[in-house]
Amino acid sequence: MHPEGHSSHLLGPSEDAVAKCLKCIFFLLFLYSYLPWLNSIAGWAAFHVSCVIVLSFTEYPPPCCVCLSGVCGCCGPLRPRYKRLVDNIFPEDPKDGLVKSDMEKLTFYAVSAPEKLDRIGAYLAERLTRDVLRHRYGYVVIAMEALDQLLMACHSQSIKPFVESFLHMVAKLLESQEPDLQVLGTNSFVKFANIEEDTPSYHRRYDFFVSQFSAMCHSTHEDIETRTRIRVAGIRGLQGVVRKTVNDELQAIIWEPQHMDKLIPSMLFNMQEADEFDRTGHPSSPAGTEREENPAVLAESCFRELLGRAAYGNMNNAVRPVLVHLDNHHLWDPNEFAVSCFRIIMYSIQAQHSHHVIQQVLSHLDTHNKDTPRVRAGIVQVLLETVAIAAKGSVGPTVLEVFNTLLKHLRMSVDFEMGGDSRRTSSASVVSRTKESEERIVQNAIIQTIGFFGGNLPDYQRAEVMMFIMGKVPVDEAPSLDTAKIGQLGMKRIQMMLLSSLIMVTSGFKAKTMSAALPPPFLDPLFSVSLMEDSELRQLVLEILHNIIDRHDNRAKLRGIRIIPDVAALKFKREKISKQDVSFMKKHGQQLYRHIYLGCKEEDNVHKNFELLFTALALITIELANEEVVIDLIRLAIALQDMSLANEENMPMFIRCSIMALVAAYLNFLSQMIANPPFCQYVGKVLEMRNLEAPYLLPEHVFREKCPLPGSLDMDDQNLYFQTHEIAELLAGPSYGVDRLSVAYVPQVTVLYRVGKVLYQCRQTSRGNRCS
């Protein structure tokens, strides 16, 4: 016998078969010699048939003829045709490969008689199993090649039983420990996966293949090249399973957790081990050879394909294994790989499913609320990436849930940071400072996420988010959060972070009317914060107002507080004030004026505060000023000048001179904006006198470092100050109601402001007593 098997022509029987044949022949010869009546043609025919029947039970019956004792007889018709056709495709030497001419005959027979496909498949499976056990791998390759060709050629309903035999043979190859056979079985399965069957399969399952391909993806073979081949084969196999099942409604079971828990980690495992990974998350276009040979590239492609096919109800099952994998492999710190994974997810899924991913990450953040700061910061940064991609699309009904969860974790982070201050000892100071810095990372990541998410929402949702965040800002008089544990320092930190997030949310907000952008539920608490005794908080409130009022992006042209020589050259964009905005200024204008008036005289004001106050006055003039508002703004400016001269509250000289500089810069701006030449000349005259005799009353000088300040202001020199009666004469006419200029502006100070002042003085007194 041939060491690799048998020939397809005149194959020799095995030893057991020969022994059986000899016994039967001797028995028949004995009968022939003692039964003379068989000595005829009938006797010889019976003898021949008996031999054929005996040989038909042997392992390798002759396909066409048998020669015994010099007697030849044809026995082909007694052997099933499909078996003879299958046997004929195998050459005597497996190195010769598949016999193509006989394979064409077998294919034609299978197409012509599809009811025989199941028997052909069963017989091929029997031969392949025997060859695998006997390590006849040459014939295994030929058998699989034949199966592949039959699969590609036959597309009838009868192919279902044949597929079962095919999958059984593929499973046999995958179960073997030989890498070549595993790769061979995978290739055949991938070819099968690309075939579109005419009718769905109601009973076929791929559980074994998911498990086996996943195990191949985690191969630890000692040879690197072999390990790569096995992993690539495993990934291609999983890709084949996905393509075969994901579009079949009867195979929805592939999305069940037990399968996703194997599919997803197998892909991530190979993506994770890439030496050079595309961190942008955008689909890359590597060469075809690289895609086929690089496990990381192929795994990413399969991962994208799987997510792209995920339906509405399958998103949670697809995302949860990703989070679990990142937890198990400690990939939140550092989180570069986690960020890359979720970029891939967000770019691969359908846009309307984005809010599912955001919900999953939020829930995961809740699960890790007591984890280390770096882990929580890593999760928040991943959330920021998902929000950044999803904000332009559909974020679903979970907008306020996102902000509520983020604000909750922001408060928790401040609790963790401030909770140990009172118990801090010198030995733990270094550890505490490290913890504070790490918690700051968490807090900054949360603020960026809040701001970015809110800043990309539609205007109607953004207004809701603005009021929602403003409602979370704590104030001394009416705390909205429990501040017993974190104290005043912790409360201030929460205030600053929430206001910083509001700045990001309001950035680019273009409301059609001020009443829609600054409704009373938002405006009242915002101005309450503006009355707090902290210059940084007041700066944040002013920046929020700038974002809301500046609807034509004019703020950048102002460039701080200064005497602008030619306002027209800046080409401010403005529109005629609408009736709605006129109504808004009648209702809420006094609140704006009071906010500016009281904000100017705070003793802790710095250069930036006055820059922001000047910008606020200029933006109100550009966006909201009609003739009536112009008169009110002039009254406000003169009131600020009078307050600085009277100095009833014993303000520092820097604050008094800064207020004077603010009034000068603003009236110079206002006079040019209303295009009144006499008014412009008058303002220019006052500025020229100040430049000569009192340069510390101009912004270019007072805000300069080490600017010399006077001991007192000369109230008798009227030429240095703006006079109400002079302005009234210059503006006299039908356009402006100058009679109102004679009525001094007096801010309507609320009870809230007075109470806040008392509380601030009490805190300052108590601090002074502790220090002494």
Legend entry - Side-chain (Asp581) to main-chain (Leu624) donor-acceptor, under 3.5 angstrom: no
Legend entry - Result of checking Leu662, Val663, Ile659 against Ser644 for side-chain contact (heavy atoms from CB on, under 4.5 Å): Ile659
Inset, instruction - Evaluate salt bridge (charged side-chain N to carboxylate O under 4.0 Å, His left out) for Glu543 paired with Lys608, printing each intermediate quantity in order. - result: CA-CA 11 Å; Glu543 290 184 24; Lys608 184 176 181 181; 3.5 Å; yes
Inset, instruction - Let me know which of Glu438, Glu439, Gln381, His409 forms a side-chain hydrogen bond (donor to acceptor under 3.5 Å, both in side chains) with Arg376. - result: Glu439
Inset, instruction - Not counting sequence neighbours, which residues clear ring-ring contact (aromatic ring centres under 6.0 Å, His included) with Phe654? List them please. - result: none
Legend entry - Short side-chain to backbone donor-acceptor contact, Arg656 and Met651, under 3.5 Å: no
Legend entry - For Phe610, ring-ring contact (aromatic ring centres under 6.0 Å, His included) partners two or more places apart: Phe703
Inset, instruction - Give a yes or no on whether a salt bridge exists between Arg493 and Glu417, defined as a side-chain N under 4.0 angstrom from a carboxylate O. - result: yes
Inset, instruction - Would you tell me whether Gln672 and Asn668 have side-chain atoms, one donor and one acceptor, within less than 3.5 Å of each other? - result: yes
Inset, instruction - Decide yes or no for Thr386 and Ser354: does some side-chain heavy atom of the first lie under 4.5 Å from some side-chain heavy atom of the second? - result: no
Only distances under 3.5 Å count here; give the side-chain donor-acceptor pairs of residues 584-593 to other protein atoms, sequence neighbours excluded, each with its distance to 0.1 Å.
from   : atom 1 : to     : atom 2 : distance (Å)
His588 : ND1    : Gln591 : OE1    : 2.9
Gln591 : NE2    : Asp524 : OD1    : 3.0

Legend entry - Tyr736 and Phe679 aromatic centres sub-6.0 Å: no
Inset, instruction - Indicate yes or no for a side-chain donor-acceptor contact from Thr621 to the backbone of Leu617 under 3.5 Å, with no hydrogens or angles considered. - result: yes
